[in-house]
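Numbering starts at 1 and runs along the sequence shown. What you see below is based on every heavy atom in this structure, not just the backbone, and it leaves out hydrogens, waters and symmetry mates.
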Amino acid sequence: MSLAAVSAHLAEAAILLDFDGTLAPIVDDPAAARPLPGAAHVLADLRRRAGAVAVITGRPEDFIREHLDVSGVEVVGLYGLSAMPPLGDDIHAALARIAAPEPGVELEDKGVSIAVHTRRTADPAAALARIRGPVRALAASHDLDSFEGKFVIEVSPPGARKGGAVQDLLQRLAPRAALYAGDDLPDLEAFDALARSGVEACRVAVVGSATPERLVQIADVVVAGPLGLLELLRAL
């Protein structure tokens, strides 16, 4: 797997990108996340040259469109589950009870899923460790999934995973080559989907605060943060 293969077949390639920590710097308040200046221009230029460009994210599609609305760029929001009904108020209330003893823990209700963030606590890693078990138990008791990212654990319906969203995209687009860039634990699933697809591919680790070492180890290319990714995309 190599960037050269994607570059050589760019007109028939799919460029698949995470949002938070990849196109946008990680910030304490998830609602304040914005793509780097120049990201829209780079994606628009890339869309004219590549077979397809898509953003795959756990955020709602409307949020991405509001801040990064580029003609021709596909957005797969909520990992493709945006048409599903929202989680019930009982799930939100139960998560709020779990979070209550931890000052600084915040809930982000996305409708179809709910993320529990510990980034604003005094010790994000320790707070996440304390709530991990109760959140997982709550999810399992309601036949829901739970998965983690950087100082966040999210509860969602079964199947709300980035690997599945990437697999579905690759099957539908049938590209000759593909690139995926991400920075967090769910992006390991995307890397795996890319490796299983059989297309010529390049896995890009966008390294920032708390990027999993495993992601860096298996990546074909490593860049320093969103700025490094934009430089790579400009080179394409």
Side-chain angles (χ1 to χ4, degrees), residues 16-24 26-35 53-70 73-100 102 105-120 128 131-173 180-193:
L16 312 178
L17 308 167
D18 174 43
F19 182 74
D20 289 282
T22 300
L23 290 170
I26 295 290
V27 292
D28 288 341
D29 179 4
R34 299 291 184 270
V53 179
V55 176
I56 303 100
T57 176
R59 288 185 179 273
E61 179 180 347
D62 288 348
F63 180 92
I64 304 300
R65 292 291 185 195
E66 180 181 356
H67 302 295
L68 189 68
D69 192 11
V70 180
V73 172
E74 184 170 352
V75 177
V76 181
L78 299 172
Y79 301 147
L81 296 184
S82 56
M84 295 191 69
L87 297 182
D89 291 341
D90 57 332
I91 303 298
H92 190 285
L95 288 171
R97 287 193 294 272
I98 292 171
E102 299 286 347
V105 170
E106 297 178 335
L107 269 59
E108 181 188 7
D109 195 333
K110 305 177 184 179
V112 73
S113 69
I114 301 174
V116 186
H117 296 269
T118 66
R119 186 172 298 278
R120 287 187 168 184
L128 183 59
I131 69 172
R132 179 182 290 117
V135 171
R136 285 180 174 175
L138 173 69
S141 70
H142 289 79
D143 296 322
L144 298 170
D145 278 351
S146 61
F147 56 95
E148 294 185 35
K150 293 179 179 177
F151 305 130
V152 61
I153 183 167
E154 190 158 344
V155 174
S156 71
R161 307 303 288 257
K162 187 167 283 188
V166 168
Q167 179 178 315
D168 291 346
L169 266 177
L170 292 173
Q171 289 176 345
R172 175 163 55 83
L173 296 172
Y180 181 87
D183 74 304
D184 205 352
L185 283 170
D187 300 307
L188 286 168
E189 299 177 5
F191 277 15
D192 289 343

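- In this structure the side chain of Asp187 reaches within 4.5 angstrom of the side chain of Tyr180, judged on heavy atoms.
- More than 12 non-hydrogen atoms from other residues, nucleotides or ligands lie less than 6.0 angstrom from CG of Asp90.
- When every heavy atom of Leu169 is checked against every heavy atom of Ala54, the shortest pair comes out as CD1-CB, 4.0 Å.
- Ser141 contributes a side-chain N or O that, together with a main-chain N or O of Leu138, makes up a donor-acceptor pair within less than 3.5 Å.
- If you take CD on Glu108 and CD on Glu154, they are separated by 7.0 Å, rounding to the nearest 0.5 Å.
- Salt bridge annotation for Arg136-Glu148: present, with a cationic side-chain nitrogen under 4.0 angstrom from a carboxylate oxygen.
- Separation of atoms CD (Glu74) and CZ (Arg172) is listed at 4.0 Å; rounding is to 0.5 Å.
- Rounding to the nearest 0.5 Å places OG of Ser156 at 7.5 Å from CG of Leu87.
- Ala99 approaches Leu107 most closely through the heavy-atom pair CB-CD1, 3.8 Å.
- Between Leu68 and Arg34 the shortest side-chain heavy-atom distance does not fall below 4.5 Å.
- Across all non-hydrogen atoms, the minimal contact from Leu81 to Pro158 is CD1-O, 4.4 Å.
- Within the 4.5 Å cutoff, the side chain of Val55 has no heavy atoms near those of the Val76 side chain.
- Here the CG atom belonging to Asp20 is positioned 4.0 Å from the CZ atom belonging to Arg59, to the nearest 0.5 angstrom.
- With salt bridges taken as basic N to acidic carboxylate O contacts below 4.0 Å, none links Glu106 and Arg119.
- For the side chain to side chain contact (heavy atoms under 4.5 Å, CB included) with Ile153, the lone residue among Thr118, Leu128, Ile114 that qualifies is Leu128.
- Closest heavy-atom contact between Ala181 and Thr22: O-CG2, 3.6 Å.
- Note on ring orientation: taking the six-membered ring where Trp is involved, the planes of Tyr79 and Phe147 are tilted (angle from 30° to 60°).
- In this structure, Ile131 CD1 and Leu95 CG are separated by 8.5 Å, a value rounded to the nearest 0.5 Å.
- Nearest approach of Asp145 to Ala139, heavy atoms of both residues: O-CB, 3.9 Å.
- Val105 has its side chain out of reach of His117: every pair of non-hydrogen atoms, C-beta onward, lies at least 4.5 Å apart.
- Distance alone, capped at 3.5 Å, is enough to place a donor-acceptor pair between the Asp109 side chain and the Gly111 backbone.
- Phe63 CZ to Leu78 CG: the interatomic distance, rounded to the nearest 0.5 Å, is 12.0 Å.
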Next on the checklist: Determine whether Ile98 and Val135 satisfy the following criterion, side chain to side chain contact (heavy atoms under 4.5 Å, CB included), listing intermediate values before the conclusion.
Outcome noted: CA-CA 7 Å; Ile98 292 171; Val135 171; 4.1 Å; yes
Next on the checklist: Evaluate Asp18 against Leu23 for side chain to side chain contact (heavy atoms under 4.5 Å, CB included), listing each step before the verdict.
Outcome noted: CA-CA 7 Å; Asp18 174 43; Leu23 290 170; over 6 Å; no
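- Counting heavy atoms from C-beta outward, Ile64 and Thr57 have side chains that approach closer than 4.5 Å.
- Residues Pro157 and Leu144 share a closest heavy-atom pair of CA-CD2, 3.9 Å.
- Counting only distance, with no hydrogens or angles, the side chain of Asp69 and the backbone of Glu66 share no donor-acceptor pair below 3.5 Å.
- One N or O on the side chain of Lys110 and one on the backbone of Gly58 form a donor-acceptor pair closer than 3.5 Å.
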